[in-house]
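As the structure lists them, so they are numbered: ligands from 1, and atoms in each ligand from 1. We number each residue from 1, following the sequence as shown.
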Amino acid sequence: MNGEQPHSRSDSRLSERVSAIDRSKIRVMYDLALEVADEDLVHFEIGEPDFDTPTHIVEAAADAANAGATHYTSNAGLPELREAVAAKTATENGVEFDPRREITITNGAMEALYLALQTVVSPGDEVVVPTPAWPNYRNQIRLAGGVPVYVPLPAERGFDLDADAVADAISDETAAVIVCRPSNPTGRVYDRDRLETVVEAAAAHDAYVIADEVYEGLIFDGSPRSVAADTAHSDAVVSVNSCSKKYAMTGWRLGWLAGPEHVVRAATVTHESTTACAPSVSQHAAIAALTGPQEPIRAMKDAYETRRDYVVDRIADIPDISCPRPKGAFYAFVDVSALDGSSFEIAKRLLYDYGVVTAPGDGFGDAGEGYLRLSFATGLERIELGLDRIEAMVTAERG
Ligand SMILES: Cc1ncc(COP(=O)(O)O)c(C=O)c1O
């Protein structure tokens with residue numbers, strides 16, 4: 001720059017795509033908590049395992065790096081890893097994918113989702129999203145030039161999938177429907193019949209169902225079978241999954257996209273053009289995660305289940321707030337509508353006056369207004385303290 005100031009350009013010079021996206025309320029709360037800068041805050045806002053990655057996985061990655069696995073891999077990922085994903089998916093999720101043609105390894109499920117949407121959505125296409133839903137869907141749909149169409153799920157039925165309402169929202173304008181099972185933020189595990197109604201409706205309109213299954217390894221009650229298993233229209237389903245949640249590997253950025261060959265092939269070209277491949281060392285770690293001992297993974301899942309039961313039982317004992325027992329993932333979606341103000345205002349009071357950080361429900365779409373999402377991916381002692389504080393606030397405000 002030769003000491004000159006760089007050009008200052010106004011926001012109007014930013015692309016329409018990035019101007020159409022905004023920050024997630026989960027991150028907004030995270031930043032507000034940073035400003036508070038109190039080490040004693042109880043963090044319920046972030047959906048990230050508190051466990052470290054199991055040792056055998058870390059060691060496999062270190063061995064691979066020491067042995068020189070530090071280069072680009074093929075764009076679709078190491079053949080051995082694609083085979084491991086195919087074997088895991090067949091045995092645990094009931095669906096067969098050809099590892100050479102129907103699986104591509106990505107930088108986490110976020111990139112898999114991004115690739116899926118970039119591949120099937122043209123500008124102006126609609127993407128149907130049952131809500132409450134993970135906020136990244138909205139931004140990713142907009143980045144693909146798509147138009148999100150939200151279908152609010154019924155709070156009185158614990159936000160179970162209203163398959164008829166979702167099917168009704170699907171039309172010839174629809175490019176895709178995003179289904180998250182188990183759901184972030186509700187922990188709901190939708191059953192097969194409802195999912196099949198949605199897949200059939202999508203297939204009838206030549207649309208895809210993008211099945212976000214990142215929490216499939218953390219289903220406590222219900223089947224981990226993939227949305228693509230058992231449907232007569234598996235060619236309409238694109239599955240997205242990752243090592244992040246089940247194996248406590250968020251920072252390794254390792255996921256995959258699996259589905260019809262033509263979708264995977266096209267997505268792999270976008271992947272090649274944007275990131276080339278998932279990190280090679282992480283790919284070796286993932287092989288160890290998928291094919292190595294599963295005992296440490298089961299121990300983490302058991303810990304989440306114990307925490308889930310503790311959270312739900314404690315909330316049941318606090319008058320005026322409630323939450324159904326989540327069947328999967330590590331979130332409790334708590335009805336706080338009896339308290340004054342919006343869920344964002346309630347979350348801010350909890351932060352500033354009681355030292356508890358939560359994710360306000362409206363961050364997951366209008367259907368989530370009146371709720372707070374609590375992540376129990378944190379130790380039991382902190383959970384106990386956080387719930388004591390929530391109880392103190394509800395008692396103070398409701399008398
Ligand atoms: C519903 C959902 N899908 C996808 C992701 C992304 O996971 P990954 O770390 O594999 O990119 C998350 C992460 O929080 C999530 O909650």
Side-chain angles (χ1 to χ4, degrees), residues 23-27 29-30 43-51 53 57 77 81 85 88 103-118 127 129-141 143 148 153 159 161 176-190 209-219 224 226-227 238-258 267 271 274-275 278-279 282-283 285-286 289-290 304 326-333 359 361 363-365 368 373-378:
R23 300 196 63 213
S24 126
K25 279 244 173 78
I26 307 168
R27 286 285 160 184
M29 288 306 298
Y30 180 85
H43 288 275
F44 283 145
E45 80 281 27
I46 297 291
E48 158 153 46
D50 53 317
F51 298 105
T53 304
I57 299 174
L81 175 55
V85 169
K88 175 240 180 282
I103 296 174
T104 209
I105 306 298
T106 59
N107 291 261
M110 284 196 210
E111 194 208 359
L113 190 63
Y114 182 81
L115 294 176
L117 288 164
Q118 292 291 330
V127 179
V129 184
T131 60
W134 188 49
N136 293 41
Y137 299 147
R138 181 191 62 218
N139 283 349
Q140 290 219 12
I141 293 166
L143 286 172
L153 298 178
F159 299 106
L161 188 67
V177 183
I178 302 180
V179 177
C180 183
R181 178 186 192 270
S183 155
N184 172 8
T186 66
R188 197 83 211 190
V189 178
Y190 309 134
V209 171
I210 299 174
D212 181 344
E213 301 183 328
V214 293
Y215 295 101
E216 142 283 311
L218 298 176
I219 294 181
S226 169
V227 174
V238 179
S239 306
V240 164
N241 204 341
S242 78
C243 290
S244 286
K245 314 290 175 173
K246 175 176 177 183
Y247 303 98
M249 290 177 66
T250 46
W252 298 81
R253 310 311 301 129
L254 200 290
W256 57 88
L257 175 126
H271 176 66
T274 49
T275 62
S282 299
Q283 293 192 49
L290 298 178
Y304 292 128
K327 292 179 186 251
F330 37 56
Y331 304 109
F333 205 51
F364 304 89
R373 189 194 73 174
L374 310 188
S375 159
F376 43 84
T378 188

Spacing of [X] atom [atom1] and [Y] atom [atom2] [to the nearest 0.5 Å]:
X: R373; Y: I26; atom1: CZ; atom2: CD1; answer: 4.0 Å
X: R138; Y: T131; atom1: CZ; atom2: OG1; answer: 11.5 Å
X: E216; Y: C180; atom1: CD; atom2: SG; answer: 11.5 Å
X: I57; Y: M249; atom1: CD1; atom2: CE; answer: 5.5 Å
X: Q283; Y: W252; atom1: CD; atom2: CH2; answer: 12.5 Å

Below a 4.0 angstrom heavy-atom separation, can you tell me which part of [X], side chain or backbone, both or neither, approaches ligand 1?
X: E111; result: neither
X: Y114; result: neither
X: S244; result: side chain
X: E48; result: neither

What is the closest protein heavy atom to [atom], and at what distance does it sit?
atom: atom 7 (O) of ligand 1; value: A109 CB, 3.8 Å
atom: atom 14 (O) of ligand 1; value: K245 NZ, 2.6 Å
atom: atom 2 (C) of ligand 1; value: D212 OD2, 3.4 Å
atom: atom 12 (C) of ligand 1; value: W134 CZ2, 3.3 Å

Original post:
For Y30, does the OH atom sit with more than 12 other heavy atoms under 6.0 Å from it, leaving out its own atoms?
Top reply: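 Counting neighbours around OH of Y30, 12 or fewer heavy atoms of other residues, nucleotides or ligands fall under 6.0 Å, so no.
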**OP:** Name the option, out of S242, C180, P182, that contains the heavy atom nearest to atom 10 (O) of ligand 1.
**Re:**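 Minimum heavy-atom distance to atom 10 (O) of ligand 1 goes to S242.
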With atoms numbered from 1 as shown, which atoms in ligand 1 lie under 4.0 angstrom from a non-hydrogen atom of [X]?
X: G108; result: 10 (O), 11 (O)
X: R253; result: 8 (P), 9 (O), 11 (O)
X: Y137; result: 1 (C)

Subject >> Side-chain touch S183/Y331, heavy atoms, less than 4.5 angstrom >> reply: no
Subject >> 4.5 Å side-chain heavy-atom contact, P49 and Y304 >> reply: yes
Subject >> Within-cut-off N or O pair, L254 and ligand 1, under 3.5 Å >> reply: no
Original post:
So which heavy atom on I105 is nearest to which on H271, and how close?
Top reply: O-NE2, 3.1 Å
